[in-house]
Engineer: 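First the structure, which I've put down as structure tokens, then a few questions once you've had a look.
To find a chain, count down the sequence lines: A is the first, B the second, and so on, and within it residues start at 1.
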2 protein chains.
Amino acid sequence: MPAPLEPRYTLKDVVDRARVAISTASLVFSGKRPVAEPTRERVLEAAADLDYGGPNPLASSLQQGRSGIIGVFAKGRLMNSFSDPFAVSILDGLAQHLGQNSAGILLMPAQGAGQDELVRRTAGIPLDAVVFPLGGYVSSALLEHLRHRRIPLVGTGYPEADDVLHLRMGERGAARAIAQHLYDLGHRDVALIQLPGAKPNAQGDVMNPEALDRTAGFLEVFPDALVITAGESSSEGGYEASERLFSDSHSVTAIAAQSDLMAVGAVRSIRAHGLSTPADISVAGSDGIDLPWLVGTLTTIDQRGQEKGRTIADMVTSALAGTRENREHSFTLVQGTSTDAPPQHAHA
Amino acid sequence: MPAPLEPRYTLKDVVDRARVAISTASLVFSGKRPVAEPTRERVLEAAADLDYGGPNPLASSLQQGRSGIIGVFAKGRLMNSFSDPFAVSILDGLAQHLGQNSAGILLMPAQGAGQDELVRRTAGIPLDAVVFPLGGYVSSALLEHLRHRRIPLVGTGYPEADDVLHLRMGERGAARAIAQHLYDLGHRDVALIQLPGAKPNAQGDVMNPEALDRTAGFLEVFPDALVITAGESSSEGGYEASERLFSDSHSVTAIAAQSDLMAVGAVRSIRAHGLSTPADISVAGSDGIDLPWLVGTLTTIDQRGQEKGRTIADMVTSALAGTRENREHSFTLVQGTSTDAPPQHAHA
DNA sequence: CTGAAAGCGCTTACAG
DNA sequence: CTGAAAGCGCTTACAG
């Protein structure tokens with residue numbers, strides 16, 4: 001059995017022992033103004049004697065009106081959000097940059113819990129700002145709660161609202177670029193594997209609004225593209241969607257997926273049918289994740305997730321400093337070895 | 001440009017408007033004691049008029065001596081920790097269970113930052129407890145800091161210290177079980193792909209102490225096993241480690257990897273050499289993650305990550321309620337299709 | 001450089 | 001059921 005925890009002392013206890021004013025002791029720990037060395041030492045010594053753990057963050061935060069905590073909203077369950085390396089890379093950039101500004105990241109999974117439940121949980125947590133780095137649907141009750149608390153909100157396009165700062169990427173233009181690339185290679189019969197949640201669910205909520213933009217951009221170039229919606233944005237989701245294509249014996253020379261993970265699934269599916277990429281069917285993705293184990297490289301829209309995370313972090317710190325402004329995130333069309341001109345004779 | 005944020009009101013403002021005592025208004029929001037309906041309504045109305053966002057969590061937490069925030073320590077960068085589905089599943093279970101107890105998860109990445117830097121960041125954050133769900137090395141400075149703050153600590157074996165509660169799994173026994181399984185199938189020439197960080201680094205820190213236990217358990221059954229250390233616990237790391245085996249033309253009939261991800265890499269490497277699993281070389285992993293896209297199933301030690309996360313969460317809430325005790329996490333040897341008897345004649 | 005006072009925004013006994 | 005008071009553990013002007 002582990003040892004029980006000893007009682008926790010406060011700055012008051014330290015002060016009693018060191019025989020200094022509490023205001024002076026406070027300065028020793030914050031370092032905000034100079035303290036004579038002997039005094040400083042007396043305080044530090046008393047603190048050491050008591051095993052004082054430093055000023056209670058709850059108390060100093062209350063005073064300073066800032067908790068140092070940034071909420072990060074993850075749509076659905078963590079396992080779903082974080083199974084995508086792209087999401088993790090955004091989070092990584094976010095954590096790194098925010099950490100440098102000594103702020104911590106608090107995960108807010110939307111998982112299971114009803115709207116009221118989610119609000120109740122959030123209400124108890126001190127938050128300086130909340131970030132929606134992964135897009136997706138956010139319950140209006142939660143949004144309303146955060147608004148009431150006057151918490152700066154930063155998103156990547158969604159939720160759409162005037163009071164949410166956005167780092168926008170131009171999903172539509174990016175999707176158009178991929179489509180145009182395929183078109184320029186000579187493809188005419190193409191399929192688009194769409195992210196799940198593009199259509200309103202039973203409650204009328206669109207889970208992945210960015211999917212709509214991506215689809216719209218793609219259809220600008222290929223109005224007749226075959227659109228299939230994947231069950232989930234994963235390799236399996238892409239595989240399964242691609243299989244549907246084969247079983248309906250559609251004839252396409254290229255498949256564009258709205259995420260790299262789904263694109264990988266499509267490549268596997270093509271291979272499983274004895275065909276190859278890009279010789280028989282070209283495949284393009286979207287996001288720009290590392291896929292070291294893929295044979296060749298994927299043609300995709302590189303969004304540089306880490307940089308995206310860093311920019312979001314920057315928007316947060318700026319907003320807390322008083323500068324609230326939207327930004328634009330650029331993308332790059334990366335031409336990999338997964339796309340090429342279509343074969344002379346298209347096949348089933 | 002987004003609209004600027006309006007000023008935030010306090011309970012005092014609401015009270016002035018509703019003409020009630022502040023203590024009464026507090027009860028309306030906490031619901032801890034009954035308030036007459038008309039009074040209640042007056043308060044709520046005033047709150048609505050002012051767009052009051054509810055009691056400031058910082059203030060109520062200070063009073064109640066609890067922040068509702070549980071720190072989760074991730075070794076290294078988030079991208080590394082979270083690229084393993086097993087780590088994510090633990091986190092998922094943790095978040096779910098902790099969420100039900102209305103506590104939030106704060107990510108504490110060890111990334112880059114020096115020890116002092118890490119402590120400084122942590123010092124500013126209100127934490128009810130800290131969890132080390134992924135094992136691994138924790139800087140003694142950080143540990144010391146948390147100790148001073150009298151924060152309950154929960155780990156999965158590491159860091160080893162009397163004041164850290166542990167959910168232990170018996171890594172050694174689990175590794176022995178895998179080894180015994182291979183032995184019983186008839187294997188005699190085997191290789192072990194070891195997790196990185198099993199050996200002390202330049203600073204003398206062991207990054208993955210559990211690797212030591214796993215290796216020890218394995219060697220109990222196969223004292224002469226060929227041990228190779230992977231560069232990282234990923235599919236690529238396993239692939240590369242397995243390749244080294246081939247290039248040194250070692251002859252083994254089975255490869256055991258200390259993580260499923262590395263096992264998958266080994267399978268790929270074997271396939272790349274024109275051999276197959278388990279016909280030519282058996283492969284076993286460890287952890288028990290979902291690998292739906294693997295052909296067949298992996299023989300492994302199933303640790304049920306989500307359940308592990310839930311148990312850790314339970315230990316945290318128990319500790320906060322005053323019951324501090326270690327627990328044991330069970331494992332299951334799952335026999336998949338990746339292991340079988342060795343071929344009649346072993347090959348290079 | 002140091003100290004006494006006020007206050008951050010709440011909640012919790014305690015009277016009534 | 002409601003209110004006045006004390007206090008959670010600090011930090012920040014303000015004097016000295």
Side-chain angles (χ1 to χ4, degrees), chain A residues 7-44 46-47 50-69 123-128 148-151, chain B residues 7-44 46-47 50-69 123-128 148-151:
Chain A
R8 180 171 186 187
Y9 293 103
T10 69
L11 192 54
K12 179 73 174 47
D13 299 316
V14 174
V15 157
D16 287 346
R17 201 161 216 279
R19 307 195 157 283
V20 238
I22 191 169
S23 49
T24 305
S26 174
L27 293 175
V28 170
F29 290 102
S30 72
K32 291 195 179 170
R33 273 187 307 129
V35 172
E37 193 50 31
T39 317
R40 202 181 105 81
E41 272 172 15
R42 275 226 308 292
V43 172
L44 257 21
L50 297 178
D51 256 14
Y52 176 63
N56 184 334
L58 240 21
S60 40
S61 293
L62 175 58
Q63 252 298 11
Q64 299 171 143
R66 194 159 289 183
S67 66
I69 299 175
I125 301 204
L127 256 15
D128 288 347
H148 282 332
R149 284 176 65 180
R150 310 286 191 275
I151 295 178
Chain B
R8 180 171 184 188
Y9 292 104
T10 70
L11 193 53
K12 180 73 174 48
D13 299 316
V14 173
V15 157
D16 287 348
R17 203 162 217 280
R19 308 196 154 282
V20 236
I22 191 169
S23 50
T24 305
S26 174
L27 293 175
V28 170
F29 289 102
S30 73
K32 291 195 179 170
R33 274 189 303 130
V35 171
E37 194 50 32
T39 316
R40 203 180 105 84
E41 273 173 14
R42 275 225 309 291
V43 172
L44 258 20
L50 297 179
D51 256 12
Y52 177 63
N56 183 334
L58 239 22
S60 40
S61 293
L62 175 59
Q63 252 298 11
Q64 298 171 144
R66 192 156 293 182
S67 67
I69 299 176
I125 300 203
L127 255 17
D128 288 347
H148 282 331
R149 284 176 65 179
R150 311 285 191 275
I151 295 179

Engineer: Can you tell me the distance, in whole Å, between the CZ atom of R42(A) and the C1' atom of dT2(C)?
Structural biologist: 11 Å
Engineer: Between Y52(A) and T10(A), what is the shortest heavy-atom contact and its length?
Structural biologist: CE1-C, 3.5 Å
Engineer: Report, as a single string ordered 5' to 3', how protein heavy atoms within less than 4.0 Å touch nucleotides 9-16 of chain D: B base, S sugar-phosphate only, - not at all.
Structural biologist: BBBB-B--
Engineer: Heavy-atom distance under 4.5 Å between the side chains of I125(B) and P57(A), does that happen here?
Structural biologist: no
Engineer: Between D128(A) and R66(A) (side chain of the first, backbone of the second, donor and acceptor by atom type, cut-off under 3.5 Å), is there such a pair?
Structural biologist: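 Flag not set: sc D128(A) to bb R66(A) has no pair under 3.5 Å.
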Engineer: Enumerate donor-acceptor pairs with a distance under 3.5 Å from any side-chain N or O in residues 16-29 of chain A to protein atoms, sequence neighbours excluded.
Structural biologist:
{"from": "D16(A)", "atom 1": "OD1", "to": "K12(A)", "atom 2": "NZ", "distance (Å)": "3.3"}
{"from": "D16(A)", "atom 1": "OD2", "to": "K12(A)", "atom 2": "NZ", "distance (Å)": "3.2"}
{"from": "R17(A)", "atom 1": "NH1", "to": "D49(A)", "atom 2": "OD2", "distance (Å)": "2.6"}

Engineer: Sequence neighbours left out, what passes side chain to side chain donor-acceptor pair (under 3.5 Å) with S60(B)? Give chain and number order.
Structural biologist: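 If we apply the side chain to side chain donor-acceptor pair (under 3.5 Å) test to S60(B), skipping adjacent residues, there are no hits.
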Engineer: Reading DNA chain D 5' to 3', how would its secondary structure be written in dot-bracket notation, given Watson-Crick and G-U pairs with both distances under 3.5 Å, brackets [ ] for crossing pairs and | for partners on other strands?
Structural biologist: |||.||||||||.|||
Engineer: Applying side chain to side chain contact (heavy atoms under 4.5 Å, CB included), can you list everything that pairs with S61(A), at least two apart in sequence or on another chain?
Structural biologist: L58(B)
Engineer: Could you tell me which residues satisfy salt bridge (Lys or Arg N to Asp or Glu O under 4.0 Å) with R149(B), sequence neighbours excluded, listed by chain and number?
Structural biologist: none
Engineer: Does the side chain of Y9(B) reach to within under 4.5 Å of the side chain of H148(A), using non-hydrogen atoms?
Structural biologist: no
